[in-house]
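Chain letters run A, B, ... following the sequence lines, proteins first and then strands; every chain starts at 1.
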Amino acid sequence: MKLTLGHAAWRSLVSLALLAFAPGCKDGGEGNDDEAGEGEDDDADGTDTETGGEDTYVPPPGGMRRLLDYQYLNSIEMMFGAPARAVAGHPVDLYLHGYSSIAASELSPGLDSVELYETSALAIADAAIANPKTMATFLPCVMESPDTACYTQVAETLGHIAWRRPLTPEEIASIVDTALAGQEWGEGDFNAGLKYEIVRILISPHFLYVSELGVQDPEQAEEYWLTTPELVTRMSLLLNGRIPRLDVLINAEIGIYDDPANLEALARGMLDSPEARVALLEFFGEYLDVEDLPGKDTAVHPLYSDALAASMTEEVHRLINDIVWTRDVDFREFIEADYTFVDANLTEVYNVNGIDTPGAWEKRTLPAEQNRAGFLTSAAFSARNSHVQGNSTTRRGQYIQQRFLCFSVPPPPADVVPEIPEPPGEPMTLRDLMEQIHLEEESCASCHKYMDPLAFPLENFNAIGAWRTVEPNGLPIDPVVEIDNWGLLENGADLAASVAMSPALDDCIVNNLLRFGRGSLEDPLLEEQELDRLYLEFENANFRVQELLVKFVTSRLFRQVGEPK
Amino acid sequence: MRKHLKRRTFLRGMLGGSVATIALPPLDAMMNLTQSAFADGTDMPVRYVSWFWGNGIMIDKWEPVGVGANYQLNTHTMPLAAHKDYLNFVTGLDNRCTEQITHHEGMTVWSGYTMADIGQGAGFFSNTAGPTIDALISELTKSKVPISGIHTGVSKAQSPADNGTTMHSLSSRGYLQPNAANTNPSAVWQALFGSFVQPKDDRELRISILDATKEDVATLKSKLGTADLMRLDAHLESVAALQTKLSTAAPVCELPPDPDEDNSESLNNEKLTLINQLQAELVAYAFQCDITRVATLLFLEGAAEPALSEVPGNNDSWHQYSHNTGSWGPGGPFENGQIFMMSRLADFIGTLKSSMEIDGNLLDSTILMASSDCSDGSVHAISRHPILLAGHGRGYLKYPGIHYQPAPLAANYSYGNWPTPSSGNTSDVLLAILQRFDPTANFIGEQNGAGSGSPLNDILA
């Protein structure tokens, strides 16, 4: 069966979708690279030095966003140590457009948010005082000279770190007043004052909300540049998953990072930190959404367990870490790698042996007959996009379209009857069934033709990702499908190669990173110029994610904002 | 070890070392002679609950048989039989949402607003456009209680059919102001009771710290745009909510134990019955202590995909079953699921009913509205949108209850179609409920659309 779902058709649909539904990928791809510049700054007169054309870039609005849960926890740990982190709590992050960072920029905080933060701050302060060594690294007075003067130092220094700016004399005085009131409440106990001083700093909106307002561009009134402290905060939150260290803030305040070379060096330094690996997984956690895999019916999938699900997720983390950090290579390998990481829980799923030690992981090439390649043939992908018992070609196809090709399948038109037709009486494969009920009737096929066929080559992998050649009813699986421009796809590896080679994939990764890192959707019209530049820079960097991160955080897409929203 | 909450452990005052700082429940000595109001003149508390289950009903087996006071429960609502006197069914009304995007329009039944931002950014996307009924009631009751409302959930499954807020928000204070459903009973306990446990009373100091942070807000406000100013106002509301909680609490009511249940089972393996019961007990406890008068429970989002592992025959996604009328046969997985949903609703209602106060049980003082996002879920129909009211709100709704229905279901209706006839406006029910808390309210929801200025008086006592 040949399906007219070729790349060109997708491209056209994607272009339409950009306008109507999804500000996702740029149009074009191969052959359109000459539209983008090389990443140099624009001239002050508003012309783009690379293209010689007019500067058409319009940044998204500036504003404020709430610290995300992991950013809050990491920041607490930086300031007060692991025991404080262990007792910290926070409001649950919501999602908008698939990302918590966008929700944190646009949704109002819940009515219980301040209470949750206050409860957390009280516990953090107790833990920080009981375990003062971390705080004492930048505030030695809390251990060496616990007196009234120390309250002032705490207000100045801890306030500076937490609020990402030097405090005004009035603010310092107000915080010290709180400390003294706490000390009085505690009948003269220094630590009682310190506790409520910490609480005062941590429940301030200056800590909880990140200001990204910038200063007006003298040449273009509608554009703003993030102040350098705002910029290093945004960078640190993305690259290290926490607010910046005090030395970085001070360097920002005295203008060190106004020099682009120093700014780039800062970004690369942040990437050198072990925290960067953890922070990047926060992005992939939301982008891939395989952190909490759904349970399976163990009567049908006796191998399934919570431990297996955890190993599936860990496998994905290890593959990302290997590609991005250990080898720093083309990220498209994530889609088509000829190896993966396996532990004892995964050996039966992948039919490999020799890994028996619990907790031990090995880099393995999987059995050739399974035609596995990268994430799309992984257990985590299969499990996430399946039902509790059986497979779902719709879920798998939609996932690929939405997350890797940036094509949002539209909701069914209002006049479409979304009722699933009665399945035929005779046994069928899932593919045969989907071809009959999703692809024959035009009202269904108008949407499902973008989803189900993409997943037919993955039918060899069951709902926990184990290899199979027949369905539970004994019927043989036919994974072969022909797709325009992608040609004949005979198996999962063929599909993975086609997705990996699609220009839409490269752009889609960039777009998703941008959404996560800025807390806003990209605008393919107003931001086309800078988006195209970043797409090209990713390509020129051989699709290495570390380099993409550096280019992104030093780009106008990251450094500029518009009028406050 | 998970703990169900013990009943009738109130009024013991001080616990071992910790101060139980819960607001005052009604005592004999505090009441006027007719026990209709506190001696200081304030009215006895009236409570409100929203209870939601996703993906609609089998309408011919859900809508009661007959109308008026002598109606009979239908097959799927039989689990509610023990509470029938307290039930008012409203069927056959139209949800007048003016847009359609699969399940989203069904949520209009809670607000009277058509959703906003449809399709923005991605195909399946919309945001709630206005406040839901519970949020309006919270505004009216918040000055009387420490917490304006508690928002709970049962299944953690999120609808993949909404990248916005509509399908995830049974409760919303307004546009871009969702009240997230908390599916973790221990966290709900913390929100309701946890902050009252302090070894030494530091509330005055904490209130002063919160006052100081308001000055921080003022500093920020000078720099922000309109949208962020709205968000800062919401932050200030949250500050005020905590200050209210700290300043109005009084040491009377014993704290219930933390249920020690975080609802961490994976999707498809969730313990929905247990979580629903624990949330019901926490809400009942909070009502009895008068910590809050408003609660919501999002049992399962519309279009969410988990399999209901506790339901016989359910080995596929609940959403999938709702679109497959082939699974709607007698004893089939969808029918079993319908009975399961109503059984859990019965659990919740039964918990309120078994929670006694001085002048009756909590159903006597509560109005609970239960509904879904569809009538016939297979086609996302919002005609004949189902509504069930439980409790009479201190004599406000009919008791014993009735079945209000403008016209019976068409004889030629079959599954997979929009049920007819459908008339009236589901928002009429919302306005009737709202007027229990604000007799001067004369409209709810949007003008010229799904809103209503005509309360459904037929269900009033």
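Using a 4.5 Å cut-off on side-chain heavy atoms (C-beta onward), B:R231 and A:K565 make contact. Contact check for A:W163 versus B:D216: side-chain heavy atoms found under the 4.5 Å cut-off. Within the 4.5 Å cutoff, side-chain heavy atoms of B:L242 are placed close to those of A:E118. Counting only heavy atoms from C-beta outward, the side chains of B:S266 and A:D292 never approach each other to under 4.5 Å. No side-chain heavy atom of B:T165 sits less than 4.5 Å from a side-chain heavy atom of A:L94.
Contact tally against chain B (heavy-atom pairs below 4.5 Å) for A:G186, A:S105, A:S211: the top residue is A:S105. Among the candidates A:Q389, A:R66, A:H387, A:M64, the residue making the largest number of heavy-atom pairs closer than 4.5 Å to chain B is A:M64. In terms of heavy-atom pairs under 4.5 Å with chain B, the best-connected choice from A:I203, A:V388, A:T178 is A:V388. Counting heavy-atom pairs closer than 4.5 Å to chain A, the top-ranked of the candidates B:L220, B:L229, B:T102 is B:L220. By number of non-hydrogen pairs under 4.5 angstrom with chain B, the leading residue of A:T119, A:D297, A:L213, A:D306 is A:L213. By number of non-hydrogen pairs under 4.5 angstrom with chain B, the leading residue of A:A299, A:G182, A:S108 is A:S108.
In this structure, B:D162 CG and A:Y95 OH are separated by 15.0 Å, a value rounded to the nearest 0.5 Å. In this structure, B:T244 OG1 and A:E115 CD are separated by 11.0 Å, a value rounded to the nearest 0.5 Å. In this structure, A:S408 OG and B:F124 CZ are separated by 10.0 Å, a value rounded to the nearest 0.5 Å. In this structure, CG on B:N163 lies 8.0 Å from CG on A:L96, to the nearest 0.5 angstrom. Atom-to-atom distance recorded for B:I209:CD1 and A:I201:CD1 is 10.5 Å, nearest 0.5 angstrom.
Shortest non-hydrogen contact noted between A:L111 and B:A241 is O-CB, 4.0 Å. Nearest heavy atoms, B:A234 versus A:P109: CB-CD, 3.8 Å. Taking all atoms of both residues into account, the shortest heavy-atom contact from B:N269 to A:G295 is ND2-CA, 3.6 Å. Across all non-hydrogen atoms, the minimal contact from A:D112 to B:S238 is C-OG, 3.9 Å. For the pair A:G62 and B:D228, the tightest heavy-atom approach, listed with the atom from each and the gap, is O-OD2, 4.2 Å. Nearest heavy-atom pair across B:K223 and A:P564 is O-CG, 3.8 Å.
In this structure, no portion of B:S208 lies under 4.5 Å from any heavy atom of chain A. The contact between B:L224 and chain A is made by backbone and side chain atoms together, counting heavy-atom distances below 4.5 Å. B:S148 touches chain A through its side chain: at least one heavy atom from C-beta onward sits under 4.5 Å away, while N, CA, C and O do not. Of the two parts of B:N182, neither the backbone nor the side chain holds a non-hydrogen atom closer than 4.5 Å to a non-hydrogen atom of chain A. Interface remark: B:I147 contributes no atoms to any contact with chain A (heavy atom separation under 4.5 Å). In this structure, the portion of B:A307 lying under 4.5 Å from any heavy atom of chain A is its side chain and not its backbone. Interface remark: B:Q177 contributes backbone and side-chain atoms alike to the contact with chain A (heavy atom separation under 4.5 Å).
A salt bridge links B:E305 to A:R395: at least one charged side-chain nitrogen sits closer than 4.0 Å to a carboxylate oxygen.
Residues A:Y209 and B:H235 bring their aromatic ring centres within 6.0 Å.
The environment of B:E204 atom CD is sparse: at most 12 non-hydrogen atoms of other residues, nucleotides or ligands sit within 6.0 angstrom.
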Inset, instruction - Run the numbers on A:V114 and B:L210 for side-chain contact (heavy atoms from CB on, under 4.5 Å), then give the verdict. - result: CA-CA 9 Å; A:V114 169; B:L210 290 166; 3.8 Å; yes
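In the model, A:S204 has no side-chain atom that pairs as donor or acceptor with a side-chain atom of B:T213 under 3.5 Å.
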